[in-house]
Amino acid sequence: MWPASVRLRLLAAALVLTLPAGCSLFESEGTRLPLQLVTRACAGTPPLEGATHLRLRVTGEGMAPLERLVPVGSPPEALEGVPPGPARVLEVRAYQNRPEEGGRVVALGRTAPFDVAGGAAPSQRVVVRRVNAFTPVSDVEHPETCGALAAPRAGHSATLLQDGRVLVAGGFALQAGARVALSSAELYAPDTGTLSAAPDLGSARAFHSASLLPSGSVLLAGGENAAGPLADALRVDLAQGGVASFPLERARSQHAAAVDSAGHVLLAGGVGEGGGVVAPAEARVQDGAAAAPVAVPLPRLGASALRTPGDGLAVVGGSDGSALVQDVVLLRFGAAGFESAGPPARLLQGRRAAAVAPWAGGASALVLGGFDTPTESPTTQRALATSELVALTPGARATPGPNVGARADACAVALPDGRVLAAGGRTGEPGTLPQSSDAAELIVPPAADASTPLPVVLGLARLEAGRWAHTCTLLADGTVLVVGGLKEAPGEVGVVREVLGDVLVFTPAPVD
């Protein structure tokens, strides 16, 4: 008999863990759910290193949670007795010691929601990854090789599609130190861990916006190439395999965009022709093919947009080109296009290029960091180390949030449990050269019985490379996909720049 430590190493090297057919998890009647556990990583700490027990848990609508604790060396190949119904989720946690004895979760895997009908159920593959870590993606059939973009890119978009895949589109590469916009696009499939080519966009663009429409297509609006800001939008329809182009009312790049549930897309601010700030905002309707008016002018640089309670939209922060803006403009789509939804909410401090994420279930916004200058000024701008919380209701006033790492252009993603992941960005201090940040933090809502209402900031393991102009996308299983970006660091002469092609998955530790 091999020692336990040797058996554990052999187990961590196995891709698919199984027991003989007929091993039953549940004795009650129900559907048999075939299972594969993927526990091999292409880099970093093996997912099951130090783990002693696995907890398998099935939850879903109209059913009581079903779970079982098993030794790491004895996972089942199928779960028996899973009740039929919609939105089932299978979660696998790896513990360092038994959970009832204070064991800590070291790795976790979770499926996207799936339906279970009577009879045979579709096989569920669960990729188990170390928690609170950024893990390179890999093809589950070839887990020893880390995946990467076919074309390294920054200033791109990454959109979660209705089928769970992610469309990574456009962006720029560097050629002889100059930015070159890309027309290529790629697809990431979370169930297989693979990257594949998507239809070419037909026109190169970076720093555009991407909005998922109710039809399932994606509207890529504006952006820029070597000739300057673009005055068109592309509708990418992967189901039909085509890309359609529509003219915009104005050229704009680096603008804010958001879409309501009916598919009305707001385009606000940005850099226009000649490098000036675009003041008139624009709405796109009819699957992006037509324009609609916006009653409120929105001259903004470095602003963000997001959905508000009641299906309105809000434009947060930024500058008007000469001064930082504290107003949070609230809009709602009506018979005359986007109209004011009441007096603006107001930030405590103007900030450009802040990270903004929904908070408190979308009732508020968490605004993190940003720069303290109204325009790009690499040697004089300062990255802010403060945050604030603002209710997305007319006339609301922001309240201070916790201190965070001083940076701008970070990505911020609201997790399903209410926490927010902030990652990457770029730092800035007057008189210093710009530098990408490798910092990552989790902002945790206060407990109901907490003595202070302030969120708590938890530092995470740093990204392997600092980056900004990257994307962070929440996937259907609750993990976050981090793609590409621009790495900047001071060199012997000036700033050394590199466009990244890595693709990472962040798996947050569970809170319960």
Side-chain angles (χ1 to χ4, degrees), residues 154-155 206-209 222-224 229 252-258 266-272 274-279 281 296-306 313-329 344-357 365-390 398 400-401 403-412 420 422-437 439 466-472 485-486 488:
F207 295 111
H208 53 281
S209 62
E224 62 188 68
R252 67 180 80 224
S253 177
Q254 304 177 50
H255 50 282
L266 173 71
L267 308 177
V271 178
V277 182
V278 182
V296 181
L298 291 167
R300 294 289 188 275
L301 294 174
S304 297
L306 73 168
L313 300 179
V315 179
V316 182
S319 83
D320 62 9
S322 60
L324 296 171
V325 177
Q326 291 174 256
D327 283 352
V328 177
V329 178
R346 191 166 176 83
L347 298 175
L348 297 172
Q349 177 178 10
R351 51 186 81 216
R352 176 179 56 84
V356 178
L366 173 64
V367 186
L368 300 155
F371 286 128
D372 66 352
T373 58
T375 57
E376 188 69 14
S377 181
T379 58
T380 62
Q381 63 194 10
R382 184 187 306 274
L384 301 171
T386 58
S387 71
E388 47 191 297
L389 298 163
V390 59
N403 288 336
V404 293
R407 61 195 191 277
D409 286 310
C411 70
V420 168
R426 51 180 175 149
T427 60
E429 284 290 335
T432 64
L433 293 173
Q435 183 170 345
S436 298
S437 172
R467 67 196 68 210
W468 69 280
H470 56 304
T471 54
C472 296
L486 179 64
E488 290 184 315

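When all heavy atoms of Ser253 and Gly223 are compared, the pair lying nearest together is CB-O, 3.4 Å. The minimum heavy-atom distance linking Ser304 with Ala354 is given by the pair OG-O, 3.8 Å. Considering all non-hydrogen atoms of both residues, Leu384 and Gly350 come closest at CD1-O, 4.4 Å. Taking each heavy atom of Ala256 and Ala303 in turn, the nearest pair found is CB-O, 3.7 Å. A pairwise comparison of heavy atoms in Phe371 and Ala353 identifies CD1-CB, 4.3 Å as the closest pair. Considering all non-hydrogen atoms of both residues, Ala469 and Phe207 come closest at CB-CE2, 4.3 Å.
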TODO: Any chance you could lay out the side chain to side chain contact (heavy atoms under 4.5 Å, CB included) test for Trp468 and Arg407, step after step, and finish with the verdict?
DONE: CA-CA 10 Å; Trp468 69 280; Arg407 61 195 191 277; over 6 Å; no
TODO: Evaluate the side chain to side chain contact (heavy atoms under 4.5 Å, CB included) criterion for residues Val271 and Val278: first the C-alpha distance (whole Å), next the side-chain angles of each, then the deciding distance (0.1 Å), finally the verdict.
DONE: CA-CA 6 Å; Val271 178; Val278 182; over 6 Å; no
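Here the straight-line distance linking atom OG1 of Thr427 with atom CG of Leu433 works out to 10.0 Å at 0.5 Å rounding. With values rounded to the nearest 0.5 angstrom, Leu368 atom CG is found 9.0 Å from Thr386 atom OG1. In this structure, His208 NE2 and Gln254 CD are separated by 12.0 Å, a value rounded to the nearest 0.5 Å.
At least one donor-acceptor pair closer than 3.5 Å links the side chain of Arg252 to the backbone N or O of Gly269. Distance alone, capped at 3.5 Å, is enough to place a donor-acceptor pair between the Glu388 side chain and the Leu348 backbone. Looking at Ser436, its side chain does come within 3.5 Å of a backbone N or O of Leu486 through a donor-acceptor pair. Between the Arg351 side chain and the Gly369 main chain, a donor and an acceptor come within less than 3.5 Å of each other. Formation of a donor-acceptor pair under 3.5 Å by the His255 side chain with backbone atoms of Ala281 is not found in this model.
When each of Pro374, Ser322, Ser319 is paired with Leu301, the side-chain contact (heavy atoms from CB on, under 4.5 Å) condition holds for Ser319 and for no other. The side chain to side chain donor-acceptor pair (under 3.5 Å) test with Ser377 singles out one residue from Thr379, Thr375, Thr380, and that residue is Thr380. Between Asp409 and the choices Arg426, Arg352, Arg467, the salt bridge (Lys or Arg N to Asp or Glu O under 4.0 Å) rule is met once, by Arg426.
Note on residues 320-329: pairs passing salt bridge (Lys or Arg N to Asp or Glu O under 4.0 Å), not counting sequence neighbours, are Asp327-Arg346.
Looking only at side-chain heavy atoms (C-beta outward), Val296 and Val315 stay at 4.5 Å or farther from each other. Counting only heavy atoms from C-beta outward, the side chains of Val328 and Pro344 never approach each other to under 4.5 Å. Annotation: side chain of Gln349 is not in contact with side chain of Gln326 (no heavy-atom distance under 4.5 Å). Between Val356 and Leu366 there is no side-chain heavy-atom pair separated by less than 4.5 Å.
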